[in-house]
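Letters A, B, ... mirror the listed sequences (proteins, then strands); counts begin at 1.
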Protein chains: 2
Amino acid sequence: MASPKVEQNRAAKIAAIKQQARTLVAERGAASLSLREVARVMEQTSSALYRYFPNRDVLLTALIVDAYNDLGAVAEASVAASIGHPPLDRLVALACAIREWARSNMHEYALIFGTPIPNYVAPEATIAPAARIPCAFAATLGSATPPHRDFGPGGLPSGTLDLDALSVVLGDLDPDATARALLIWSSVFGLLTFELFGHFVGSVENAETFFRHAVADLGIQFGLEA
Amino acid sequence: MASPKVEQNRAAKIAAIKQQARTLVAERGAASLSLREVARVMEQTSSALYRYFPNRDVLLTALIVDAYNDLGAVAEASVAASIGHPPLDRLVALACAIREWARSNMHEYALIFGTPIPNYVAPEATIAPAARIPCAFAATLGSATPPHRDFGPGGLPSGTLDLDALSVVLGDLDPDATARALLIWSSVFGLLTFELFGHFVGSVENAETFFRHAVADLGIQFGLEA
DNA sequence: AGAAAAAGAGAGCACTGCTCTTGACGTGCT
DNA sequence: AGCACGTCAAGAGCAGTGCTCTCTTTTTCT
């Protein structure tokens with residue numbers, strides 16, 4: 001059944017298709033990714049590609065998983081490289097690493113964090129790679145053991161977060177600190193998306209400086225110290 | 001030239017097309033909006049619609065401007081309704097009003113804040129309606145005259161923001177307060193987008209409670225008081 | 001009522017995702 | 001060696017898209 005040679009050829013072919021699709025996504029965006037065009041660039045018939053990917057969405061899913069893993073690796077590398085540094089610096093470094101990746105991989109960023117593709121539901125396989133980024137935030141924030149402060153007036157009511165699921169990924173922060181970690185990641189995402197998607201043109205002159213200070217400001221609120 | 005009757009018919013027709021397109025966008029998303037389908041629903045030929053919109057992007061732009069104005073009106077209404085209330089409550093109310101609009105107009109929200117459409121540049125006409133939302137934030141934050149605090153370590157270097165352009169919209173906040181207002185709007189956007197685009201599934205159980213507390217937390221950092 | 005202007009219809013081009021059939025190739029088993 | 005099987009590529013074809021062109025109908029204005 002599983003002859004070694006064909007298996008190998010098949011894997012190589014799949015990798016080649018994905019690589020080609022990646023460059024097309026980078027050039028014209030994910031929405032207009034066309035199997036025919038991939039085939040044309042590879043000097044093949046479009047129908048041939050359907051042997052490797054049953055439909056366009058499966059190819060898209062493969063790209064999404066790869067993007068999550070790529071960004072996740074960058075985030076984790078930043079966290080690893082900043083061990084021993086002050087917690088606030090670690091947070092800023094992590095955010096900046098994510099920002100750099102996003103800036104040089106705009107379309108892949110849009111692919112995973114942009115508008116969901118209609119009639120496309122992210123399969124199970126994407127949630128594990130997707131968790132690597134918030135996990136990286138937890139690694140820097142969790143190392144700081146910040147002083148407990150209420151999250152919003154009166155603190156967060158129990159039942160707001162799914163603490164059972166979160167503790168697996170984010171470790172043993174208390175609920176309010178966990179909430180604030182999620183808020184920081186959301187805010188970093190918001191800043192980054194506004195910058196990348198052009199909502200800052202005309203207001204923010206130096207996007208990097210603004211970004212660094214904004215993230216640091218959030219970190220200070222969280223209780224991190226330089 | 002400008003005959004009164006034809007002008008009127010034309011405006012009515014354009015409105016009808018936009019309305020039809022809006023419902024299609026709400027049903028299947030902006031990416032798959034097709035002029036042919038709009039025509040089909042209106043029991044017309046697709047080519048007839050080209051008399052009113054020279055291409056699909058122009059129709060899309062019209063929908064974008066409408067969405068900005070719709071959301072802007074909601075935001076301004078919230079600001080007007082909360083005059084005299086404590087600043088922190090005003091901020092939370094504004095954020096919640098935006099959230100409600102976003103939840104019941106998912107696809108229009110995605111249209112204006114989601115992944116930019118490839119090969120589509122937002123024309124001049126969109127920036128004025130787009131400014132209404134940050135302007136609404138400024139109206140609530142500006143009324144509070146929060147105590148000055150550095151934005152990030154050492155405060156924001158001059159030249160980071162385009163203060164000339166911002167002061168027109170956001171009024172006379174000092175640079176650090178202006179930066180923090182931008183940060184709050186970015187964060188609200190980030191929270192909202194994560195919720196709407198499904199990045200909170202499995203971690204945030206009660207999205208509204210989390211959202212309210214997160215916004216309030218940001219407001220407290222800004223210096224607002226309840 | 002008749003001329004002018006606007007709107008609509010329909011065919012057509014080039015493109016898309018996707019399916020189905022047909023023929024060729026390489027591999028492994030007898 | 002020969003045969004059968006699984007894999008692969010090609011091509012035709014369906015239904016859909018944006019958009020343009022020409023031609024006809026309707027509406028409006030004088």
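Remark: C1' of dT17(D) and CG of Asp57(B) are 14 Å apart, rounded to the nearest angstrom. In this structure, Gln8(B) atom CD and dA6(C) atom P are separated by 16 Å, rounded to whole Å. With rounding to whole Å, Gln44(A) atom CD is found 9 Å from dC8(D) atom C1'. Between Leu60(A) atom CG and dG17(C) atom P the separation is 11 Å, expressed in whole Å. A straight line from CG of Leu59(A) to P of dG17(C) spans 10 Å, rounded to a whole angstrom. With rounding to whole Å, Phe53(A) atom CZ is found 14 Å from dG17(C) atom P. Straight-line distance from the OH atom of Tyr50(B) to the P atom of dA7(C): 17 Å, rounded to whole Å. Rounded to a whole Å, the CZ atom of Arg56(B) is 11 Å from the P atom of dT17(D).
Between Arg10(A) and dC8(D), a side-chain N or O to OP1/OP2 separation shorter than 4.0 Å is present. Phosphate contact (OP1/OP2 of dT19(C), side-chain N/O of Asn55(A), threshold under 4.0 Å): absent. For dT7(D), neither phosphate oxygen OP1 nor OP2 lies less than 4.0 angstrom from any side-chain nitrogen or oxygen of Lys13(A). Within the 4.0 Å cut-off from OP1 or OP2 of dG8(C), at least one side-chain nitrogen or oxygen of Tyr52(B) is found.
In the interface, the side chain of Arg51(A) is paired with the base of dA9(D) through a donor and an acceptor atom under 3.5 Å apart. In this model, no side-chain donor or acceptor of Ser47(A) finds a partner on the base of dA9(D) within 3.5 Å. Donor-acceptor pairing under 3.5 Å, judged by distance alone, is absent between the side chain of Thr45(A) and the base of dA9(D).
Annotation: cation-pi geometry satisfied between Arg99(B) and Phe211(B) (NZ/CZ under 6.0 angstrom from ring centroid, within 45° of ring axis).
The ring-ring contact (aromatic ring centres under 6.0 Å, His included) test applied to Phe197(A) returns no partner, not counting sequence neighbours.
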Give the intermediate values and the outcome of side chain to side chain donor-acceptor pair (under 3.5 Å) for residues Arg90(B) and Ser82(B). CA-CA 6 Å; Arg90(B) 298 190 74 193; Ser82(B) 69; 2.9 Å; yes

Evaluation steps, ring-ring contact (aromatic ring centres under 6.0 Å, His included), between Trp185(B) and Phe113(B): CA-CA 13 Å; Trp185(B) 167 219; Phe113(B) 291 122; 5.8 Å; yes

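A side-chain donor-acceptor contact under 3.5 Å links Arg56(A) to the backbone of Leu33(A).
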Only pairs under 3.5 Å count here: list side-chain donor-acceptor contacts from residues 36-45 of chain A, not counting sequence neighbours, and write none if there are none.
unit_1, atom_1, unit_2, atom_2, d
Glu37(A), OE2, Arg28(A), NH2, 2.3
Gln44(A), OE1, Lys13(A), NZ, 3.1

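Using the six-membered ring where Trp is involved, Phe189(A) and Phe189(B) have ring planes that are parallel, under 30° apart on the 30 and 60° scheme.
Near DNA chain C, meaning a heavy atom under 4.0 Å from it, residues 33-42 of chain A has Leu33(A), Ser34(A), Leu35(A), Arg36(A), Arg40(A) in order of number.
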